[in-house]
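Both counts, for ligands and for their atoms, begin at 1 and track the order of listing.
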Amino acid sequence: MPEPTPSAGAIPSPEADILAALGTRLVVLVGMMGAGKSTIGRRLAARLHLPFLDADAEIEAAAGMTIPEIFEIHGEPHFRDGEARVIARLLESGPAVLATGGGSFMREETRRRVNDKAISIWLKADADIIMRRVKRRADRPLLQTADPVATVGRLIDEREPVYRHADLTIASRDVPHEKIVEECIEALHGRLCGEVTPPEAAAGIMGGLR
Ligand code: S3P
């Protein structure tokens, strides 16, 4: 008699280990605009067979207007309050992969909630990459300044010391998206499943365990 084929869920894989260890927690991506949080998050969710949530899209749906409209009509403080509320709600719907807006992790209350409900990954991108990626679109109100390069530099200086509090750090750079996703999987596996990552696999993983 042929051996019964094991179900997909029973086949050992890093993805299955991560899912089992995550439980109801989310994987939350933080970092600057243009770091690739949505692009990588969507692919990471597909790899893990988890729903993908995008905080910016959820804020727009809840407000019934675009982010530039929210900034223009109600101002940034109103946007930030709404953003914190939406992220708090999304953090109750794990397991999932959640891409957050670049400024959201700056709020202490949001960092505390993310820490309680999720494993966080900082996608760390340098200013050149960010500028190259964001200049294609005019939908970031914070960059509608006379000198967007200086604005990005200032935001990086203010935010990097805070992004560093994420559980894991992955360098976002111009390599195929699947490579960054693979590094996220390896880092999550190491963090959640207690495995020491071999040095060659850790080449792109910049931050350590907290
Ligand atoms: C912002 C980043 C944007 C969006 C808003 C403010 C920020 O999201 O939330 O324009 O403060 O960095 P992305 O990081 O997804 O571009």
Side-chain angles (χ1 to χ4, degrees), residues 26-46 51-91 96-111 113-114 118 120-174 177 180-181 184:
L26 296 87
V27 176
V28 169
L29 299 175
V30 305
M32 283 288 290
M33 327 174 212
K37 300 178 299 279
S38 300
T39 308
I40 299 302
R42 194 168 288 113
R43 287 168 168 79
L44 182 60
F52 172 67
L53 306 169
D54 189 303
D56 286 346
E58 296 280 344
I59 293 161
E60 293 187 328
M65 56 180 105
T66 64
I67 289 175
E69 285 167 349
I70 304 173
F71 268 75
E72 195 185 319
I73 297 166
H74 299 292
E76 184 175 350
H78 178 92
F79 169 78
R80 295 296 174 199
D81 290 343
E83 176 178 54
R85 279 197 304 276
V86 166
I87 291 177
R89 167 169 61 78
L90 297 175
L91 286 170
V97 175
L98 168 64
T100 59
S104 61
F105 205 59
M106 298 305 288
R107 197 179 267 231
E108 206 251 323
E109 168 199 23
T110 296
R111 285 200 301 282
R113 288 191 179 123
V114 168
S120 50
I121 302 178
W122 171 25
L123 285 186
K124 184 176 191 294
D126 66 26
D128 287 354
I129 289 204
I130 291 170
M131 280 317 299
R132 236 181 298 139
R133 292 179 183 167
V134 298
K135 75 175 178 223
R136 297 182 211 134
R137 287 167 34 191
D139 58 356
R140 265 83 172 210
L142 291 186
L143 298 187
Q144 306 310 304
T145 63
D147 186 353
V149 176
T151 306
V152 163
R154 177 180 56 76
L155 289 173
I156 288 178
D157 289 348
E158 281 171 18
R159 292 178 175 183
E160 288 206 340
V162 178
Y163 292 150
R164 254 178 244 292
H165 291 282
D167 295 310
L168 300 162
T169 302
I170 299 291
S172 172
R173 55 215 192 275
D174 281 336
H177 299 317
I180 307 285
V181 172
C184 290

Any donor-acceptor pair under 3.5 Å linking the side chain of S172 with the backbone of K124?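 Flag not set: sc S172 to bb K124 has no pair under 3.5 Å.
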In this structure, are over 12 heavy atoms from other groups packed under 6.0 Å from E69 atom CD?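 Buried by this count: over 12 neighbours within 6.0 Å.
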I'd like to know whether CZ of R132 has more than 12 heavy-atom contacts from other residues, nucleotides or ligands below 6.0 angstrom.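 Above 12, so yes.
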Would E83 and R80 pass as an ion pair if we require N to O under 4.0 Å? yes
D81 bridged to R107 by N-O distance under 4.0 Å: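 Counted as a salt bridge, because a side-chain N and a carboxylate O are separated by less than 4.0 Å.
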Does ligand 1 have any N/O pairs with the protein under 3.5 Å, and how far apart?
{"from": "ligand 1", "atom 1": "8 (O)", "to": "D56", "atom 2": "OD2", "distance (Å)": "2.7"}
{"from": "ligand 1", "atom 1": "9 (O)", "to": "D56", "atom 2": "OD1", "distance (Å)": "2.8"}
{"from": "ligand 1", "atom 1": "11 (O)", "to": "R80", "atom 2": "NH2", "distance (Å)": "2.6"}
{"from": "ligand 1", "atom 1": "11 (O)", "to": "G103", "atom 2": "N", "distance (Å)": "3.4"}
{"from": "ligand 1", "atom 1": "11 (O)", "to": "R159", "atom 2": "NH2", "distance (Å)": "2.8"}
{"from": "ligand 1", "atom 1": "12 (O)", "to": "G103", "atom 2": "N", "distance (Å)": "3.4"}
{"from": "ligand 1", "atom 1": "12 (O)", "to": "R159", "atom 2": "NH1", "distance (Å)": "2.7"}
{"from": "ligand 1", "atom 1": "12 (O)", "to": "R159", "atom 2": "NH2", "distance (Å)": "3.4"}
{"from": "ligand 1", "atom 1": "14 (O)", "to": "K37", "atom 2": "NZ", "distance (Å)": "2.7"}
{"from": "ligand 1", "atom 1": "14 (O)", "to": "G102", "atom 2": "N", "distance (Å)": "2.8"}
{"from": "ligand 1", "atom 1": "15 (O)", "to": "D56", "atom 2": "OD2", "distance (Å)": "2.8"}
{"from": "ligand 1", "atom 1": "16 (O)", "to": "R140", "atom 2": "NE", "distance (Å)": "2.9"}
{"from": "ligand 1", "atom 1": "16 (O)", "to": "R140", "atom 2": "NH2", "distance (Å)": "3.0"}

Do R133 and T39 meet the criterion of a side-chain donor-acceptor pair at a distance under 3.5 Å? no
